[in-house]
Amino acid sequence: MTRISNGENASAVFDLGLMQIQISANTAAERNMQTGVQPTSLTILPTYKCNASCRDCCFQSNPRLSTRLSGKAILDRINEAKAKFPSIRQIIFSGGEALLLKGDLHDAVRLASELGLGTRLVSNGFWGKRQQTSEAFARDLRTPASKS
Ligand code: SF4
């Protein structure tokens with residue numbers, strides 16, 4: 001999948017299997033200054049497995065799928081992106097349901113933070129049914145410890 005949109009918030013997403021690179025420029029001036037590829041976001045789809053199976057899912061994710069990146073591959077891609085693209089500002093984790101990776105996701109969030117990168121998580125929110133447990137869950141993810 002490659003998505004490119006024009007206008008004031010141009011962005012392009014290049015799908016490389018289980019990894020996407022998103023290139024975005026917020027203004028026309030910013031776009032004009034760009035002479036090469038300067039991605040600001042790396043989107044990683046660490047797994048196609050999901051605990052839901054929505055009829056219209058663009059990846060046809062479901063609980064039966066097992067395709068995923070290893071924890072090491074995720075960490076390697078983050079390190080690689082940071083080294084090759086100094087313009088990278090944030091890592092986005094999507095899927096599938098990335099939270100099914102548990103410790104591997106925590107390790108990836110921790111590495112991104114250590115590298116000074118922001119993180120974003122796209123989740124179906126299965127963990128947010130009760131306020132108390134969802135707050136604890138979010139707190140846990142904000143200060144990730146190794147859970148492998
Ligand atoms: S929750 Fe999202 S990833 Fe999971 S099956 Fe539904 S649309 Fe797909």
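All ligand and atom numbering here is 1-based and tracks the order in the structure. Along the sequence shown, residues carry numbers from 1.
The tally of protein N/O/S atoms under 2.8 Å from atom 8 (Fe) of ligand 1 stands at 1.
Not counting sequence neighbours, Phe126 has no partner by the ring pair (Phe, Tyr, Trp, His ring centres under 6.0 Å) test.
The backbone N or O of Pro86 lies less than 3.5 Å from a partner atom in the side chain of Arg89, making a donor-acceptor pair. Here the side chain of Asn79 pairs no donor or acceptor atom with the backbone of Lys82 at under 3.5 angstrom. In this structure, Ser87 contributes its side chain and Pro39 its backbone to a donor-acceptor pair below 3.5 Å.
A donor-acceptor pair shorter than 3.5 Å cannot be found between the side chains of Glu97 and Thr47.
Atom 2 (Fe) of ligand 1 is not flagged as protein-proximal [any protein heavy atom, distance under 4.0 Å].
Of all non-hydrogen atoms in Ser61 and Cys50, the two that sit nearest each other are CB-CB, 3.7 Å.
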